[in-house]
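Before any comments, here is the structure.
All chains are named by letter (A, B, ...) in the order of the sequence lines, taking the proteins before the strands, and each is independently numbered beginning at 1.
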Number of protein chains: 2
Amino acid sequence: MVSPDTAEAPYARVKRFLKDGLERGEWPPGALMPSEAELVARFGVSRMTVNRALRELQGEGLVERSQGVGTFAAQRHRLASTLTIRDLHEELAARGQQHEAEVLLKAEEAAPPALAERLGLAPGAPVFHTVIVHRADGLPLQLEDRYVNPAAAPGYLDVDFATTTPTHYLLQVAPLWEAEYSVEASAASAEEARRLAIAEGDPCLVVVRRTRRLDGPITIARLVHPGARYHLEGGFRP
Amino acid sequence: MVSPDTAEAPYARVKRFLKDGLERGEWPPGALMPSEAELVARFGVSRMTVNRALRELQGEGLVERSQGVGTFAAQRHRLASTLTIRDLHEELAARGQQHEAEVLLKAEEAAPPALAERLGLAPGAPVFHTVIVHRADGLPLQLEDRYVNPAAAPGYLDVDFATTTPTHYLLQVAPLWEAEYSVEASAASAEEARRLAIAEGDPCLVVVRRTRRLDGPITIARLVHPGARYHLEGGFRP
DNA sequence: AAGTGGTCTAGACCACAAT
DNA sequence: TTGTGGTCTAGACCACTTG
């Protein structure tokens with residue numbers, strides 16, 4: 001009779017062995033780590049198996065490998081941390097809060113030159129523009145000022161944003177995309193303060209998000225949150 | 001004569017095929033994707049090869065797989081975005097700016113209960129506490145208020161922080177770690193304003209970072225940045 | 001030439017889910 | 001029972017780096 005819970009996949013054993021060693025500082029950053037052949041001998045597994053362990057560690061940024069040379073403990077300096085920026089509606093739903101969206105503007109406009117460039121359009125070309133206040137249980141949480149490339153989402157203006165988040169709709173229309181974020185703190189303008197029910201000059205967390213697909217930019221959104229009511233959380237990918 | 005550049009690894013071909021299909025919306029979120037056996041037949045490769053392609057797509061969050069059921073196009077809702085929070089010194093060095101650090105406090109203190117709990121210590125146990133102002137070309141960019149678990153970095157107080165960043169030192173002492181972040185906007189206190197050469201109440205971007213290893217918390221840092229002079233950037237992991 | 005990683009194969013056994 | 005993914009093997013060929 002075997003104990004099934006004790007069973008750990010061989011590749012996982014190899015991986016854990018290496019990870020533990022790294023964590024204990026056995027191989028300081030830059031140090032040469034055991035070769036695949038050594039690990040094959042030590043663990044009595046096939047090369048594919050240790051290869052998988054090493055490849056995964058590489059994907060996690062814990063080791064660096066180069067053909068013909070060897071595997072090395074990674075330099076753990078440039079820390080890339082993952083901050084989760086979720087769709088507000090989902091975030092609120094997860095917390096069991098009521099989400100309301102008030103549409104302040106929903107129009108087609110002529111893109112000013114600076115915006116046109118960022119959206120990959122000709123100056124003066126039509127863009128979709130929406131401004132929406134999102135509230136959680138009645139309290140304003142986000143002022144969303146968004147421009148959308150009509151080519152990427154022709155039906156954007158027909159969406160009922162009281163029931164569908166722009167993010168949600170755009171995800172459906174343009175499933176796989178890339179995004180760039182910028183996060184900063186700034187003081188609320190008079191307009192923003194009014195929309196968010198805070199005082200002018202109050203600190204706000206501002207997220208600017210630009211998304212693209214291969215064929216060009218999709219949308220640029222400026223999300224303004226009252227500093228006192230909103231924060232981002234995240235973790236480090238080990 | 002063969003063209004060597006045309007050579008694409010079979011697993012990469014399979015992966016690209018699937019990725020392209022996802023991008024074109026061929027398999028909308030939740031849709032059943034081709035099974036390993038189908039891909040084996042279609043591409044004439046071994047199962048290990050298509051398995052690798054699928055496993056990597058899974059790692060990238062593009063598909064979801066479950067044993068006995070199948071592979072499905074991922075729900076692209078919960079977007080995990082990577083915001084890079086780099087060591088300030090490196091960030092400035094990359095921009096060619098001069099980094100100076102002024103140590104305002106460097107002491108061992110008794111941990112108040114709330115802090116002790118977050119650092120996994122007994123209330124009143126000794127903690128290391130440093131407060132440092134970081135400047136770029138003479139302009140204050142960050143006020144770093146940090147508590148360190150003495151067990152994780154016994155030599156912390158002996159470090160010359162004019163030449164070595166706390167982050168840098170801690171990375172050496174505790175190579176592999178995990179971190180949690182919280183980012184928010186808040187108004188500068190009188191003390192913070194003075195240290196950062198801004199006005200009281202000015203918006204600040206505040207990053208709270210807590211790091212741990214398996215054996216316990218290492219450090220908690222509160223990093224306050226003038227909103228007008230600092231912002232975070234990041235991208236979306238496709 | 002020797003050692004390294006990069007990749008592929010053609011089978012295999014298993015756990016799991018749906019039927 | 002059938003089909004799915006999860007994993008492993010024991011070889012193999014190749015490209016690359018170093019001596």
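Residue A:Thr71 places at least one side-chain N or O closer than 4.0 Å to OP1 or OP2 of C:dG5. Contact between the side-chain N/O atoms of A:Arg65 and the OP1/OP2 oxygens of C:dG6 is found at a separation under 4.0 Å. OP1 or OP2 of C:dA10 has not a single side-chain nitrogen or oxygen of B:Ser46 nearer than 4.0 Å.
Note: CE (A:Met48) to P (D:dC13) measures 16 Å, nearest angstrom. Straight-line distance from the CG atom of A:Asn51 to the C1' atom of D:dG11: 14 Å, rounded to whole Å. As a whole-Å value, the separation of A:Glu64 CD from D:dC16 P is 20 Å. One interatomic measurement links the two molecules: CD of A:Glu36 to P of D:dG11, which rounds to 17 Å at whole-angstrom precision. Counting to the nearest Å, the P atom of D:dT4 and the CZ atom of B:Phe72 are 11 Å from each other. Following rounding to the nearest Å, A:Leu39 (CG) and D:dC8 (P) show an atom-to-atom distance of 14 Å. Between A:Leu32 atom CG and C:dT4 atom C1' there is a gap of 10 Å when expressed in whole angstrom units. Put simply, CD on B:Glu8 is 10 Å from P on C:dC8, counting in whole angstrom units.
Comment: B:Arg209 does not engage B:Glu144 in a salt bridge, judged by the lack of any side-chain N to carboxylate O separation of less than 4.0 angstrom. With respect to A:Arg13 and A:Glu8, no salt bridge is recorded, no charged nitrogen being found less than 4.0 Å from a carboxylate O. Checked for salt-bridge contact, B:Arg65 and B:Glu36 meet the test: a charged N lies under 4.0 Å from a carboxylate O.
No more than 12 heavy atoms of other residues, nucleotides or ligands lie within 6.0 Å of CD in A:Glu117, so this atom counts as exposed by the packing criterion. By the neighbour-count criterion of 12 heavy atoms within 6.0 Å, atom CD of A:Gln58 is densely surrounded, having more than that number from other residues, nucleotides or ligands.
Contact annotation: side chain of B:Arg52 to base of C:dG6, donor-acceptor pair absent below 3.5 Å.
DNA chain D is contacted by both B:Val69 and A:Val45; B:Val69 maps to the nucleotide lying nearer its 5′ end (nearest heavy atom per residue). Where B:Arg47 and A:Gly44 each meet DNA chain D at their nearest nucleotide, the meeting point lying more 5' is that of B:Arg47.
Nearest nucleotide to the side chain of A:Gln67, out of C:dT7, D:dC16, D:dT4: D:dC16. Out of D:dT7, C:dT4, C:dT7, the shortest distance to the side chain of B:Tyr11 is found at C:dT7. In the set C:dT7, D:dT4, D:dT9, D:dT4 carries the atom at the smallest distance from any side-chain atom of B:Ser35.
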